[in-house]
Amino acid sequence: MTEEDELAAEFQTQRSYLHAIAFRMLGSHADADDAVQEAWLRLARTGGGGIEDLRGWLTTVTSRICLDTLRRRGVRGEQPLELEVGALAWDAAGGSRVDPEEEAVLADSLALALYVVMDALTPAERVAFVLHDVFEVPFDAIAAVLGRSTAAAKMLASRARGRLRPGTPPADAHAAARDVVDAFLAAAGRGDVATLLTMLAPEVELRTQSPEGPTVIRGADRVAATASTYARRDALAHPALVDGVPGVLITVGGRPVTVLAFTVVNGVITTILGLTAPTRLGQIVPSWAT
């Protein structure tokens, strides 16, 4: 085996880790693949000689590539990531089952949707937050990536946490729709069916995916009654942007149990999409979101 082959083999052992970092920063598998490939090209040009900590070196290089990508996005004025989670599996009804491959795509897309809230962060805040809070990279290493002091890196991560703290609405969510959703959740928490009915369109639909399969509930009366039964004193609601619309991640004891997405038209809720599968949610919801 040549020296280049050995270096390529070592890089391969780090590929999934580097892709995970890039994906969380960029919100796209394609962009993450590009970042990781660029990291490999830089490693191949540099050679492995003199690199004492290959994982650390690759983390720094990949993060800088992602930082440059995020900054270019800002210059071009790109819109926040938009997803179409609802188009994948919500049309199924009755006793039909979701294809396992479609379920995997749905789960992956939903995880992406939760990352959309990070579009409120600056590139430097996003990099500092992901590296430290998700991958536990030390602040001195993050400072080297950003070209700033360790104290500044800590401040950036802290500022990012503040913006992502539950109760801080996503930057691009429509305020009016968010207010309707928040009021709906508050009424559901009180078991206030009368108030829930004022926020629901007559033909509203609640479509959920659970381990038992898809379920569709139609009509304001039935949806209001169902929502009121979900009230739990130990549940916490975390605002999120899901499929481009106001949504919520519900956790109990720090464990994700439900994700809901709301479509609001003319001040009333017309559709609620829900994923209620604790095991799956535990795999796809990032720890910082709970």
Side-chain angles (χ1 to χ4, degrees), residues 7-48 51 53-85 104-148 153 156-157 159-161 163-164 170-171 240-241 283-289:
L7 189 61
E10 290 184 48
F11 177 83
Q12 199 61 32
T13 65
Q14 304 295 330
R15 180 178 289 276
S16 61
Y17 164 74
L18 298 174
H19 183 92
I21 288 178
F23 175 60
R24 282 160 175 78
M25 290 183 186
L26 302 176
S28 162
H29 283 298
D31 288 345
D33 285 339
D34 290 344
V36 173
Q37 181 61 22
E38 177 61 24
W40 158 246
L41 292 175
R42 294 187 186 186
L43 176 62
R45 289 195 296 267
T46 302
I51 300 178
D53 177 9
L54 180 62
R55 187 183 182 93
W57 189 92
L58 288 170
T59 298
T60 297
V61 170
T62 302
S63 298
R64 285 175 175 167
I65 293 169
C66 291
L67 181 61
D68 289 341
T69 299
L70 290 169
R71 286 171 172 165
R72 287 197 299 271
R73 285 181 182 178
V75 171
R76 294 199 305 268
E78 291 187 349
Q79 296 299 311
L81 179 65
E82 293 292 338
L83 302 166
E84 296 185 2
V85 178
V105 174
L106 171 63
D108 193 34
S109 297
L110 183 55
L112 268 173
L114 290 171
Y115 290 128
V116 171
V117 297
M118 289 205 295
D119 281 317
L121 307 182
T122 67
E125 288 171 346
R126 190 161 179 162
V127 169
F129 176 79
V130 169
L131 287 179
H132 184 266
D133 287 43
V134 181
F135 292 94
E136 300 182 346
V137 175
F139 278 119
D140 57 347
I142 297 172
V145 170
L146 299 175
R148 305 194 186 190
L156 286 166
R159 188 183 304 158
R161 286 186 217 107
R163 294 192 183 188
L164 298 177
L241 188 65
Q283 295 172 343
I284 68 173
V285 175
S287 60
W288 55 265

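Quick note: residue numbers are just sequence positions, from 1.
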Nearest heavy-atom neighbours spanning [X] and [Y]:
X: Ala128; Y: Ala157; answer: CB-N, 4.0 Å
X: Ala35; Y: Ile65; answer: O-CD1, 3.7 Å
X: Ala39; Y: Leu58; answer: O-CD2, 4.4 Å
X: Ser63; Y: Val145; answer: CB-CG1, 3.6 Å

Practice task
Report yes if some heavy atom in the side chain of Trp57 is under 4.5 Å from a heavy atom in the side chain of Thr46; otherwise report no.
Solution key: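 Yes. Closest side-chain heavy atoms under 4.5 Å.
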Problem - Partner set under salt bridge (charged side-chain N to carboxylate O under 4.0 Å, His left out) for Arg15, not counting sequence neighbours - result: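 With sequence neighbours excluded, Arg15 shows a salt bridge (charged side-chain N to carboxylate O under 4.0 Å, His left out) to no residue whatsoever.
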Practice task
Measure from the side-chain N and O atoms of Arg126 to the backbone N and O of Met25, and report whether any donor-acceptor pair falls under 3.5 Å.
Solution key: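 A pair under 3.5 Å: yes.
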Problem - Side-chain donor/acceptor of Glu125 to backbone N/O of Thr122, under 3.5 Å - result: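 Such a contact is found between Glu125 side chain and Thr122 backbone.
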Practice task
Taking side chain to side chain donor-acceptor pair (under 3.5 Å) as the test, write out the residues that go with Thr60, two or more places apart.
Solution key: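 Checked Thr60 against side chain to side chain donor-acceptor pair (under 3.5 Å); zero matches.
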Exercise for the section: List for me each residue that meets side chain to side chain donor-acceptor pair (under 3.5 Å) alongside Asp33, sequence neighbours excluded, and say none if there are none. Expected result: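 If we apply the side chain to side chain donor-acceptor pair (under 3.5 Å) test to Asp33, skipping adjacent residues, the hits are His19.
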Exercise for the section: Evaluate the side-chain contact (heavy atoms from CB on, under 4.5 Å) criterion for residues Trp40 and Val61: first the C-alpha distance (whole Å), next the side-chain angles of each, then the deciding distance (0.1 Å), finally the verdict. Expected result: CA-CA 9 Å; Trp40 158 246; Val61 170; over 6 Å; no
Distance from [X] atom [atom1] to [Y] atom [atom2], nearest 0.5 Å?
X: Asp34; Y: Leu26; atom1: CG; atom2: CG; result: 9.0 Å
X: Leu67; Y: Arg64; atom1: CG; atom2: CZ; result: 9.5 Å
X: Thr62; Y: Arg42; atom1: OG1; atom2: CZ; result: 9.0 Å
X: Leu18; Y: Leu43; atom1: CG; atom2: CG; result: 10.0 Å

Exercise for the section: Apply side-chain contact (heavy atoms from CB on, under 4.5 Å) to Phe23 and Val130, showing your working. Expected result: CA-CA 10 Å; Phe23 175 60; Val130 169; over 6 Å; no
Practice task
Go through the steps to decide whether Arg148 and Leu156 satisfy the test side-chain contact (heavy atoms from CB on, under 4.5 Å), and finish with yes or no.
Solution key: CA-CA 10 Å; Arg148 305 194 186 190; Leu156 286 166; 3.7 Å; yes
Handout entry: Charged N-O contact under 4.0 Å between Glu38 and Arg45
Key =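 Yes, charged N to carboxylate O under 4.0 Å.
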Practice task
Determine, for Phe129 and Arg161, whether the Lys NZ or Arg CZ falls below 6.0 Å from the six-membered ring centre while staying within 45 degrees of the axis.
Solution key: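 No, a cation-pi geometry is absent between Arg161 and Phe129.
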Problem - side-chain contact (heavy atoms from CB on, under 4.5 Å) evaluation trace for Phe135 with Thr59 - result: CA-CA 10 Å; Phe135 292 94; Thr59 298; over 6 Å; no
